[in-house]
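Given the structure is predicted, the values throughout are model-derived calculations rather than measurements. Scope of the values below: all heavy atoms of this structure, side chains included, with no hydrogens, waters or symmetry mates. Ligands are counted one by one from 1 in listed order, and the atoms in each one are counted from 1 as well.
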Amino acid sequence: MLFKQQALLRQKLFVLGSLAIGSLLYLVARVGSLDRLQPLCPIDGRFGPRGQEEIPLRALQFKRGLLHEFRKGNATKEQIRLHNLVQQLPKAIIIGVRKGGTRALLEMLNLHPAVVKASQEIHFFDNDENYARGIEWYRKKMPFSYPHQITIEKSPAYFITEEVPERIYKMNSSIKLLIIVREPTTRAISDYTQVLEGKERKNKTYYKFEKLAIDPNTCEVNTKYKAVRTSIYTKHLERWLKYFPIEQFHIVDGDRLITEPLPELQLVEKFLNLPPRISQYNLYFNATRGFYCLRFNIVFNKCLAGSKGRIHPEVDTSVITKLRKFFHPFNQKFYQITGRTFNWP
Ligand code: A3P
């Protein structure tokens with residue numbers, strides 16, 4: 001009798017467990033699919049092409065589903081034509097700076113209903129092999145979008161690569177260029193931390209930051225060290241200015257994007273001539289992550305991957321002071337050229 005009751009109980013538990021797991025799997029799949037569909041995901045869920053009537057939520061979800069199919073390459077040419085979807089060359093590019101907050105900026109701009117991001121870094125202009133594939137190859141790497149939307153891509157290596165300004169100029173001389181910067185010493189340490197993590201993952205040892213940033217022979221800042229060179233923003237910007245006027249650049253404060261993202265994003269909306277659509281609703285502070293995360297709508301929100309917001313190793317204060325002193329004159333020049341002043345030490 002007791003055995004029979006136990007068997008019945010086990011059976012009930014099994015059914016309940018299966019139901020719970022099934023529901024969980026459904027939810028995971030649903031949130032996952034929303035993640036992939038987010039480029040069309042509007043802030044208020046109802047933003048349609050300007051001057052057009054609001055698209056009902058159900059229809060929009062249907063369209064998002066289609067966009068996903070298009071991305072996977074499952075759509076026929078007829079379907080693409082029917083829904084008026086296009087792959088457009090970017091109207092704006094986040095050209096750098098590496099570790100400045102380029103991913104956060106791209107993802108946050110993607111909250112805007114008129115912006116569609118290229119998810120991957122495309123490295124078209126900095127990679128000779130990719131560049132040789134031609135502009136059509138580049139365009140085909142862009143996500144599907146509606147004609148009224150603009151496409152944005154980010155490849156931070158563009159900022160420091162010699163050939164890139166001329167190549168971008170040849171594609172579109174009036175393109176808008178976004179540069180996100182952080183206090184140069186912090187950025188250099190962040191850059192080092194990323195490389196260090198890569199070495200550790202491969203069980204390799206690596207030098208301490210101090211050893212790389214300071215030349216042991218002269219005890220001066222080692223300008224051959226890439227993480228240092230990348231932080232001399234003005235040197236790189238000057239190369240770009242041979243091709244583009246300063247009005248075509250917008251400088252984003254990467255330190256402020258961490259602590260107070262909305263005003264920075266509003267400045268970008270203005271620079272891109274977009275109507276202000278990103279609001280505080282779209283950004284919420286996640287205390288566990290210690291960063292702002294993104295809210296697309298009531299169902300879907302996300303934080304950046306764990307590789308964004310790493311803990312930096314402790315660096316000798318005398319090295320930090322030396323680096324800050326080194327960057328100081330370059331920073332002054334950068335403020336002067338860009339017309340944007342930062343409180344960098
Ligand atoms: P750290 O890892 O040094 O903290 P990039 O995307 O260009 O590689 O920049 C990475 C940096 O973006 C991170 O550097 C992090 O500080 C910054 N960042 C800005 N906003 C963020 C956000 N909302 N979530 C996570 N990281 C963010």
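- Relative orientation of the F249 and W240 rings is perpendicular, given thresholds of 30° and 60° on the angle between their planes.
- Under 4.0 angstrom from ligand 1, there are no non-hydrogen atoms of R256.
- For ligand 1, none of its N or O atoms has an N or O atom of K154 under 3.5 Å away.
- Between the side chains of Q88 and S145, at least one donor-acceptor pair of N or O atoms lies under 3.5 Å.
- On a distance-only criterion, R98 and ligand 1 share no N/O pair closer than 3.5 Å.
- For ligand 1, none of its N or O atoms has an N or O atom of L257 under 3.5 Å away.
- Those atoms of ligand 1 that come under 4.0 Å of a heavy atom in G100, given as number and element, are 7 (O), 9 (O).
- For the residue pair F244 and P165, the shortest heavy atom distance occurs at CE1-O, 3.6 Å.
- Considering only non-hydrogen protein atoms, atom 16 (O) of ligand 1 sits nearest to I258 CD1, 3.4 Å.
- Under 4.0 Å is where a charged nitrogen must lie from a carboxylate oxygen, and between E220 and K322 no such pair does.
- Ligand 1 is approached by G309 to a heavy-atom distance shorter than 4.0 Å.
- R167 has no carboxylate O lying under 4.0 Å from a charged side-chain N of E163, or vice versa, which leaves the two without a salt bridge.
- Here H312 has side-chain heavy atoms under 4.0 Å from ligand 1, and that is the only part of it that gets that close.
- Salt bridge K117/E153: absent, no basic N to carboxylate O contact under 4.0 Å.
- Nearest to atom 20 (N) of ligand 1 among the protein's heavy atoms is A104 CB, 3.4 Å.
- Between K235 and E162 there is no salt bridge, since no side-chain N of the basic residue sits under 4.0 Å from a carboxylate O of the acidic one.
- Shortest contact from atom 23 (N) of ligand 1 to any protein heavy atom: Y292 O, 2.8 Å.
- Within the structure, the closest approach of M108 to ligand 1 falls below 4.0 Å when heavy atoms are considered.
- For atom 12 (O) of ligand 1, the nearest protein heavy atom (residue, atom name, distance) is G101 CA, 3.4 Å.
- Regarding atom 7 (O) of ligand 1, its nearest protein heavy-atom neighbour is T102 OG1, 2.6 Å.
- When R289, R310, E197 are checked for heavy-atom proximity to atom 2 (O) of ligand 1, R310 turns out nearest.
- In terms of protein heavy atoms, atom 22 (C) of ligand 1 is closest to F291 CD2, 3.5 Å.
- Screening V195, I160, D191 for a side-chain contact (heavy atoms from CB on, under 4.5 Å) with K226, the sole residue that qualifies is I160.
- With respect to the salt-bridge test (charged N to carboxylate O, under 4.0 angstrom), the residues E107 and R103 qualify.
- Salt bridge absent: K242 and E166 never bring a charged side-chain N and a carboxylate O closer than 4.0 Å.
- Among the atoms of R182, some N or O lies under 3.5 angstrom from an N or O of ligand 1.
- Which parts of ligand 1 touch R103 is read off a 4.0 Å heavy-atom cut-off, strictly below it: atoms 6 (O).
- Relative ring orientation between Y138 and F125 is described as perpendicular, the plane-to-plane angle rising above 60° on a 0-90° scale split at 30° and 60°.
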